[in-house]
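Take a look at the structure below.
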Number of protein chains: 2
Amino acid sequence: MDEQAKKILLVEDDPNFGTVLKDYLMMNDYEVVHAKNGMEGFEKFKKDDYDLCILDVMMPYKDGFTLAKEIREKNTDVPIIFLTAKAMKEDVLKGYKVGADDYLNKPFDSEVLLMKIKAIMQRKATETVADSKQFEFKIGGFDLNSKLRFLTYKGGEPTKLSPKENELLRLLALHENDLMPRELALTKIWRDDNYFTSRSMDVYIAKLRKYLKIDDKVEILNIHGEGFRLVINAE
Amino acid sequence: MDEQAKKILLVEDDPNFGTVLKDYLMMNDYEVVHAKNGMEGFEKFKKDDYDLCILDVMMPYKDGFTLAKEIREKNTDVPIIFLTAKAMKEDVLKGYKVGADDYLNKPFDSEVLLMKIKAIMQRKATETVADSKQFEFKIGGFDLNSKLRFLTYKGGEPTKLSPKENELLRLLALHENDLMPRELALTKIWRDDNYFTSRSMDVYIAKLRKYLKIDDKVEILNIHGEGFRLVINAE
DNA sequence: CATTTTTGTTAACGTAAGGTTAAATGCTAT
DNA sequence: ATAGCATTTAACCTTACGTTAACAAAAATG
């Protein structure tokens with residue numbers, strides 16, 4: 001079952017600490033690639049697939065947040081853990097905006113890190129099955145191809161969807177007939193939850209409703225203060 | 001499953017280091033041919049098929065980059081790993097867009113090399129199966145002979161394609177009706193991913209579209225921010 | 001029922017990506 | 001050297017996206 005060693009990209013400029021951490025992780029059966037700065041980290045990231053990234057925040061050439069942002073552009077799903085020097089509130093906040101899964105203040109207990117890693121891997125393992133690999137949805141009379149980003153109604157001309165439209169509709173479809181919390185879309189798609197992103201999301205809901213209008217069995221309902229619900233009515 | 005020992009061409013002028021490295025690789029079940037300079041390296045390369053080349057950069061008679069370029073002329077697919085002295089900055093390397101799969105700074109950890117080799121072999125293994133050996137495609141009313149670089153429409157006069165046109169169309173055809181990521185073409189064909197190569201690719205997309213225009217069942221669609229899709233519509 | 005909060009809708013704007021064309025450069029073979 | 005390609009660079013244009021703003025409507029609050 002637990003076939004393949006999970007691969008971790010560790011980006012840490014302090015050579016001592018980095019090596020120690022790497023060894024520790026490897027002792028715990030992870031495959032670890034160690035990059036010494038953000039620049040190198042990104043190169044390594046591009047070259048391979050990783051199950052987790054651990055990024056130091058303070059680094060020369062390219063700090064951890066910038067690196068995370070670049071990584072996110074290429075891959076929306078890799079979990080990221082930040083290592084921060086002190087409990088800087090802003091740092092933490094900034095980290096979550098980029099879609100961090102966790103953060104740790106240095107110095108930290110290595111066992112805690114290990115637990116966090118395990119938890120994240122676990123989460124990903126169960127998430128992935130249902131979520132991550134599903135790209136085709138039947139939504140009433142529509143077919144959504146989420147990989148190629150198009151929406152077809154009864155085999156007619158496909159409508160092209162923008163990335164945001166596509167992700168939002170996909171998320172709604174994953175929660176078909178169920179509540180899709182506002183906050184979920186904002187953190188997953190917009191990676192930030194504030195007044196403006198929320199407004200932006202509303203704009204996209206409007207766009208989707210327009211697309212879906214031709215099928216009156218399909219509608220997006222609002223649940224005030226909670227989120228939205230993609231409803232597919234029977235014939 | 002893991003049938004044949006992978007064959008590695010090692011070109012390294014330092015006899016001590018070269019021998020040690022060769023032995024180390026052979027201990028890890030690779031078949032290794034060791035050449036002592038670029039000249040000899042190229043001779044050996046021509047004489048056999050290799051799964052990987054490891055080239056020292058600094059060598060008398062013919063340096064690693066020059067050798068790599070010659071190798072590339074004969075074979076666009078062999079992975080190449082460069083061994084460079086620590087002093088050399090990445091900037092210097094970037095000038096040589098030979099399509100290296102990786103770089104290693106001497107002195108390096110032999111385990112790291114081994115991991116890189118494994119990763120590269122793995123990558124190639126999954127890529128190669130479907131891809132590497134296919135040279136004829138039916139694209140709607142067209143026939144593409146990718147070996148001779150001919151594009152024929154309904155048995156008419158063949159159009160000659162330039163190398164880049166040909167490779168790009170072939171890559172699109174390999175992903176027929178599916179997304180062909182921009183980045184894939186840039187790394188595989190242009191061996192570099194920047195503003196200009198990207199622009200260049202667009203120019204070639206335009207050329208291909210012009211060729212394909214006579215058949216209105218065939219079109220190249222853009223998926224904004226992702227890549228292109230060669231669509232072949234039914235009758 | 002007045003007021004605040006949340007959502008709906010449309011349009012405008014800025015930025016980035018892609019499309020097109022032509023000129024400059026590079027390459028190869030004569 | 002130079003003619004004839006292939007390819008890249010450049011400039012310029014168009015389209016696509018996403019955010020923001022402004023205003024309207026609906027729902028909650030009290």
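Naming: A, B, ... by sequence-line order, numbering from 1 per chain.
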- Item | Closest heavy-atom pair and its distance - A:E40, A:A35 |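 Minimum heavy-atom separation between A:E40 and A:A35: OE2-CA, 3.6 Å.
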- Query: Which atom pair, heavy atoms only, marks the closest approach of B:L208 to B:E165?
  - Reply: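 Heavy-atom minimum between the residues: CD2-O, 3.7 Å.
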Send over the distance from [X] [atom1] to [N] [atom2], rounded to a whole Å.
| X | N | atom1 | atom2 | value |
| --- | --- | --- | --- | --- |
| B:L221 | C:dG18 | CG | C1' | 13 Å |
| A:D202 | C:dT5 | CG | P | 17 Å |
| A:E165 | D:dC17 | CD | P | 7 Å |
| A:L186 | D:dT19 | CG | C1' | 14 Å |
| B:K207 | D:dT7 | NZ | C1' | 7 Å |
| A:N166 | D:dC17 | CG | P | 11 Å |
| B:E167 | D:dA6 | CD | P | 14 Å |
| A:L168 | C:dT7 | CG | P | 14 Å |

- Message: Tell me whether the side-chain N or O atoms of A:R199 pair up with the base of D:dG18 as donor and acceptor below 3.5 Å, since no angle test is needed here.
- Response: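 In this structure, the two groups form no donor-acceptor pair.
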- 5'-most by nearest nucleotide on DNA chain D - A:Y204 or B:Y195: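 In this pair, the answer is B:Y195.
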- Message: Both A:R149 and A:F196 contact DNA chain D. Taking the nearest nucleotide for each, which residue is further toward the 5' end?
- Response: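 The residue closer to the strand's 5' end, by nearest nucleotide, is A:R149.
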- Query: Which of these nucleotides, C:dT7, C:dA11, C:dT20, is closest to any side-chain atom of A:V203?
  - Reply: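 So the side chain of A:V203 is nearest to C:dA11.
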- Query: Which nucleotide in the list D:dA27, D:dA16, C:dG8 gets nearest to the side chain of A:H224?
  - Reply: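 Within the option list, the nearest is D:dA27.
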- Could B:R199 and B:Y195 be counted as a cation-pi pair, given that NZ or CZ must be under 6.0 Å from the ring centre and within 45° of the axis?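 Pair B:R199/B:Y195 counts as cation-pi.
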- Message: On the six-membered ring of B:F135, is B:K147 placed so that its NZ or CZ lies under 6.0 angstrom from the centre and within 45° of the ring axis?
- Response: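 The answer is yes; both the distance and angle limits are met.
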Looking at [N], I'd like to know if its phosphate oxygens (OP1 or OP2) sit under 4.0 Å from a side-chain N or O belonging to [X].
| X | N | result |
| --- | --- | --- |
| B:S162 | D:dT7 | yes |
| A:K210 | C:dT10 | yes |
| B:W190 | D:dT8 | yes |
| B:K164 | D:dT8 | yes |
| A:R182 | C:dT7 | yes |

- Is the shortest distance from a Lys or Arg side-chain nitrogen in A:K138 or A:D143 to a carboxylate oxygen in the other one below 4.0 Å?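 Judged by the 4.0 Å cut-off on N to carboxylate O distance, A:K138 and A:D143 do form a salt bridge.
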